[in-house]
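The structure that follows is given in the form of structure tokens.
Everything numeric here is computed off the predicted structure, so don't read it as measured data.
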Amino acid sequence: MRRLRHWGPGLLLLSPSLILLAVFVYGLIAWTTKVSVSDEHNALGSKGFVGLENYTKLFTDDINDRFTHSLKNLLIFTVVFLVGAMFFGLLWAFILERGVRAEGFFRTVYLFPMAVSFVASGVVWRWLMNPNKGENAGGLNAVLGGLGLDFAQSTWWTNPSWGMASMAIPAIWQLSGYVMALFLAGFRGIPQELREAAAMDGASTYRLYRNVIFPQLTPVALSALIILGHMSMKMFDLIMSVSGPQWLTEVPAVYVWQTLLTSDYAKAAAISIILLLLVAVVIVPYLIYTNRAEKNA
């Protein structure tokens, strides 16, 4: 009875959120898992349980290896996106941390792209990355042509060799400011005493950042990598806005959408569960690490 009095009010307050979470998150995950192991390949419904057949077919019997192709695209997009966003975010944070005039203005400029939706920025970047060259060039190619740099013009996302890498450019532009904000907060959170102690020991600026400041930013960098990696794996609206449902730029999220349009619910559910597992592989170790770090602290 005492336990009920102690936990009762808290559980009562949390119960609406817990119910919504159980139904619309874990309940839907369970339903999607159930569909993924069925033979519900059309609007007529499921006739029975097929086990892991839908999963194995994605890797062994998919048309033109479409699913593995989408995974390769996702890997390329994620790597380029993470490297670009982390590099520019750290660079801008480093410049602002060193002290510049009108810091507030530059901070706002870097962060502004975050306020724009992926759909809106995707439409703009579709025009900027117009693949036409020469007289029909538009966007960045037209600028390069006007500067006499015709050799630098590109077919961007339509290039079969590295078109998927160019798809990461809009994402880098949009989210590197977020990384900048994280790193800048990390820089400002480092105690001034550490800097002063390093200076008294005769450490150069390079040694100060290499051995004192940058190691302190490791948790911030890890958090940024996890957040951006999670976002890149579910990227859908930006890619659809720039290229549409194209083979060259297809990722699992786009593949799910196109599969649902054909009413192949079992296959779409299987792709969704695999995507969920990929996200879990990234997030779960991070959560375990942070929980252990908090306990040790």
Could you pull out the closest heavy-atom pair between V282 and I226, with the gap in Å?
->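 So the two residues come closest at O-CD1, 3.5 Å.
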
For residues T32 and S272, report the shortest heavy-atom separation together with the two atoms involved.
->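 Taking every non-hydrogen atom into account, CG2-CB, 4.3 Å.
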
State, with a plain yes or no, whether a side-chain heavy atom of T205 is found less than 4.5 Å away from one of R98.
-> yes

N54 side chain to S38 backbone, donor-acceptor under 3.5 Å |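 Yes.
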
Is the number of heavy atoms from other residues, nucleotides or ligands under 6.0 Å of W162 CH2 greater than 12?
->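 Yes, the 6.0 Å shell around CH2 holds more than 12 heavy atoms from other groups.
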
Distance in Å, M86 CE paired with M180 CE, rounded so as to fall on 0.5 Å steps =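 It comes to 13.5 Å.
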
What closest approach, in Å, do N159 and S161 show between heavy atoms, and which atom pair accounts for it?
-> OD1-N, 2.8 Å

For W257 and I271, run side-chain contact (heavy atoms from CB on, under 4.5 Å): C-alpha distance rounded to whole Å, both residues' side-chain angles, the deciding distance at 0.1 Å, then the answer.
-> CA-CA 10 Å; W257 173 74; I271 299 173; over 6 Å; no

Quick one: CH2 on W125 to CH2 on W173, what's the gap to the nearest 0.5 Å?
-> 7.5 Å

G244 to T249 - nearest heavy-atom pair and separation = O-OG1, 4.1 Å

Ignoring hydrogens and angles, tell me if any N or O in the side chain of H69 forms a donor-acceptor pair with the backbone of W247 under 3.5 Å.
-> yes

Do K133 and L144 touch side chain to side chain, with heavy atoms closer than 4.5 Å?
-> no

Least distance between heavy atoms, Q258 atom then P245 atom =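 That would be NE2-CB, 3.1 Å.
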
Report yes if some heavy atom in the side chain of F236 is under 4.5 Å from a heavy atom in the side chain of V256; otherwise report no.
-> no

Distance in Å, Q246 CD paired with W157 CH2, rounded so as to fall on 0.5 Å steps = 5.0 Å

With a 4.5 Å limit on heavy-atom distance, are the side chains of Y255 and L71 in contact?
->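 Side chain of Y255 against side chain of L71, heavy atoms only: no contact under 4.5 Å found.
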
Cluster check V35, F49: I/L/V/M/F/W/Y, side chain < 4.5 angstrom = yes

Answer with yes or no whether the hydrophobic clustering places L75 together with L275; edges join I, L, V, M, F, W, Y residues whose side-chain heavy atoms lie under 4.5 Å apart.
->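 No; L275 is not reachable from L75 via cluster members.
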
Expected output: side-chain N141 to main-chain N130 donor-acceptor under 3.5 Å =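 Checking the backbone N and O of N130 against the side chain of N141, a donor-acceptor pair under 3.5 Å is found.
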
Quick one: pull up CG in L149 and CG in L140 and give me the separation to the nearest 0.5 Å.
->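 Going from the CG atom of L149 to the CG atom of L140 covers 12.0 Å.
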
Show your reasoning for whether side-chain contact (heavy atoms from CB on, under 4.5 Å) applies to V212 and R210.
-> CA-CA 6 Å; V212 178; R210 171 67 178 81; over 6 Å; no

Using 30° and 60° as the class limits, which term best fits the ring planes of Y110 and W92: parallel, tilted or perpendicular?
-> parallel

With a 4.5 Å limit on heavy-atom distance, are the side chains of L175 and F81 in contact?
->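 In contact.
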
With distance as the sole test, does Q174 use its side chain to make a donor-acceptor pair with the main-chain N or O of V116 at under 3.5 Å?
-> yes

In one Ile/Leu/Val/Met/Phe/Trp/Tyr side-chain cluster, 4.5 Å: M129, V143 = no

Are W156 and V242 close enough, and set up right, to give a side-chain contact (heavy atoms from CB on, under 4.5 Å), and what steps lead you there?
-> CA-CA 11 Å; W156 303 108; V242 175; over 6 Å; no

L217 side, atom CG; Y209 side, atom OH - distance, nearest 0.5 Å = 9.5 Å

Would you call I273 and Y55 a side-chain contact if the rule is heavy atoms closer than 4.5 Å?
->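 Result yes, sub-4.5 Å side-chain heavy-atom pair found.
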
Check: D39 side chain, G48 main-chain N or O, donor-acceptor pair, under 3.5 Å =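 Here the side-chain-to-backbone pair exists.
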
Does atom CZ of F112 have more than 12 heavy-atom neighbours, drawn from other residues, nucleotides or ligands, at distances under 6.0 Å?
->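 For F112, atom CZ is not crowded (no more than 12 foreign heavy atoms under 6.0 Å).
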
Distance from S232 atom OG to F77 atom CZ, nearest 0.5 Å?
-> 6.5 Å

I would like to know whether M233 and I283 meet side-chain contact (heavy atoms from CB on, under 4.5 Å); could you show each step before the answer?
-> CA-CA 12 Å; M233 289 184 181; I283 293 180; over 6 Å; no

For A198 and L208, the nearest pair of non-hydrogen atoms, with its separation, is CB-CD1, 3.6 Å

Just by modelled atom types, is the R207 backbone N or O under 3.5 Å from a matching donor or acceptor in the S204 side chain?
-> yes

Exactly one candidate in R107, R195, R188 meets salt bridge (Lys or Arg N to Asp or Glu O under 4.0 Å) with E97; the answer is R195

Does M114 belong to the same Ile/Leu/Val/Met/Phe/Trp/Tyr cluster as V119, with side-chain heavy atoms less than 4.5 Å apart forming each link?
-> no

Got a donor-acceptor contact below 3.5 angstrom from the N42 side chain to the S263 backbone?
-> no

Close side-chain approach of F187 to I213, heavy-atom, < 4.5 Å | yes

Taking the side chain from N73 and the backbone from V251, do they hold a donor-acceptor pair closer than 3.5 Å?
-> no

Compare all side-chain heavy atoms of F118 with those of P170 and state whether any distance is below 4.5 angstrom.
->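 SC-SC contact between F118 and P170 ruled out.
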
